[in-house]
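No experiment lies behind these values; they were computed from the predicted model shown. As a basis for the values below, the full set of heavy atoms in this structure was taken, side chains included, without hydrogen atoms, waters or symmetry mates.
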Amino acid sequence: GWGDGFLNYTLKSPANGFNYGVSGASLTPYLDSTIYQTILTQIESHKAARKVFVTCQFGHNDQKTPEYKAAFNGSLYRFVDEIRAAGAIPIIITPLTRRTFSGGHVIENLANETAIAISVATATRTRFIDLNKASTDYVNAIGSAAADTYNYIAKDRTHLSPWGTIVFGRLVSDLLIAKYPDIAKFTKSNATLSALLANGLPA
């Protein structure tokens, strides 16, 4: 995903973070995992000295299992409640688009998960960014061949290459800064990459 690119290339010292994303994970079992407990422990360790943000982007795998798909809405509410109770600021992020094309356009198959994420964020007054829309617009703008350069392996149009994680990590950073200016002080700019993203040009 974009987590490593975001943490390693957009944050400015003394800000730092941890990537606790797990490939193949669904939100509902994730909230009962030891990794999630580690997140809650990290919040407790740092909240006295720092403002702690916790981002949440799920949906790709949740939609594949009927049980997890049905639970997705409630699990997002649980995430918001528990992260706030722990003393951090939750940020919901709609799922990064897949990069499979049909008829010259990206196949948009995460609309349900995107709508649920926005609905929960709105209902709970939680910070959120619509990465799904922004990444879909960008990938449509650059086209299938250019989008394939971000693939983890040749036909994998979901996971990201090392360069892909930098590109979409920058997109996440730019979306956060545009919507929540207080985050800007924790970030460093990359004007060249941001301009390519904003203008729909291959990076």
Please determine whether residues Ile129 and Ile118 belong to a single hydrophobic cluster, defined as Ile, Leu, Val, Met, Phe, Trp and Tyr linked transitively by side-chain heavy-atom distances below 4.5 Å.
no
Using side-chain contact (heavy atoms from CB on, under 4.5 Å), reason through Thr28 and Phe58 one step at a time and then give a plain yes or no.
CA-CA 10 Å; Thr28 300; Phe58 279 86; over 6 Å; no
Does one hydrophobic cluster hold both Leu40 and Ile89, with members joined at side-chain heavy-atom distances below 4.5 Å?
no
Salt-bridge test for Arg78 and Asp32: reply yes if a basic N is under 4.0 Å from a carboxylate O, no otherwise.
yes
For a quick check under 3.5 Å, do Thr165 and Asp4 share a side-chain donor-acceptor pair by atom type?
no
Count I, L, V, M, F, W, Y as connected when their side-chain heavy atoms are under 4.5 Å apart, and connections chain through other members. Are Leu171 and Ile177 then in the same cluster?
no
Got a donor-acceptor contact below 3.5 angstrom from the Arg170 side chain to the Tyr9 backbone?
yes
Got a sec, which residues hit salt bridge (charged side-chain N to carboxylate O under 4.0 Å, His left out) with Asp81, two or more places apart in sequence or on another chain?
none
With clusters built from Ile, Leu, Val, Met, Phe, Trp and Tyr whose side-chain heavy atoms come within less than 4.5 Å, directly or transitively, what are the remaining members of the cluster of Ile153, listed by chain and number?
Tyr152
Tell me which one of Arg50, Glu44, Gln42 satisfies side chain to side chain donor-acceptor pair (under 3.5 Å) with His46.
Gln42
Where does the angle between the aromatic ring planes of Phe168 and Tyr138 fall among parallel (under 30°), tilted (30 to 60°) and perpendicular (over 60°)?
perpendicular
Are Val120 and Leu175 linked, directly or through other ILVMFWY residues, by side chains that come within less than 4.5 angstrom of each other?
no
Report yes or no: is the cationic atom of Arg99 (NZ for Lys, CZ for Arg) under 6.0 Å from the centre of the six-membered ring of Tyr150, at an angle within 45° of the ring normal?
no
Quick one: closest heavy-atom pair of Asn132 and Ser135, and the distance?
O-OG, 3.3 Å
Per side-chain contact (heavy atoms from CB on, under 4.5 Å), Cys56 is matched among Leu76, Leu31, Ile91 by Leu76
Would you find a donor on one side and an acceptor on the other, under 3.5 Å apart, between the side chain of Lys179 and the backbone of Phe128?
yes
Minimum heavy-atom separation for Val139 to Ala147, with atom names?
CG1-CB, 3.7 Å
Of all heavy-atom pairs between Ala123 and Tyr77, which one has the smallest distance, and what is that distance?
CB-OH, 3.3 Å
Kindly assign one of parallel, tilted or perpendicular to the pair Phe53 and Phe186, based on the angle between their ring planes and the thresholds 30° and 60°.
perpendicular
Mind checking whether His60 and Arg98 have side chains closer than 4.5 Å, heavy atoms only?
yes
Please report the closest heavy-atom contact between Gln57 and Leu96, naming both atoms and the distance.
OE1-N, 3.3 Å
Over 60° means perpendicular and under 30° means parallel, so classify the ring planes of Phe6 and Trp2, tilted if in between.
perpendicular
Any chain of hydrophobic side-chain contacts (each under 4.5 Å) joining Val22 to Ile93?
no
Lys185 and Asp182 have their tightest heavy-atom pair at CG-O, 3.5 Å
Walk me through whether Tyr20 and Val54 qualify under side-chain contact (heavy atoms from CB on, under 4.5 Å).
CA-CA 10 Å; Tyr20 290 116; Val54 181; over 6 Å; no
What heavy-atom pair brings Leu193 and Ala203 nearest, and what distance separates the two atoms?
CD1-CB, 3.5 Å
Candidate list Leu27, Thr41, Ile83, test side-chain contact (heavy atoms from CB on, under 4.5 Å), partner Tyr36, passing option
Ile83
State, yes or no, whether a side-chain contact exists between Thr187 and Leu176 at a heavy-atom distance under 4.5 Å.
no
Residue pair Ser26 / Asn61, side-chain donor-acceptor N/O under 3.5 Å
no
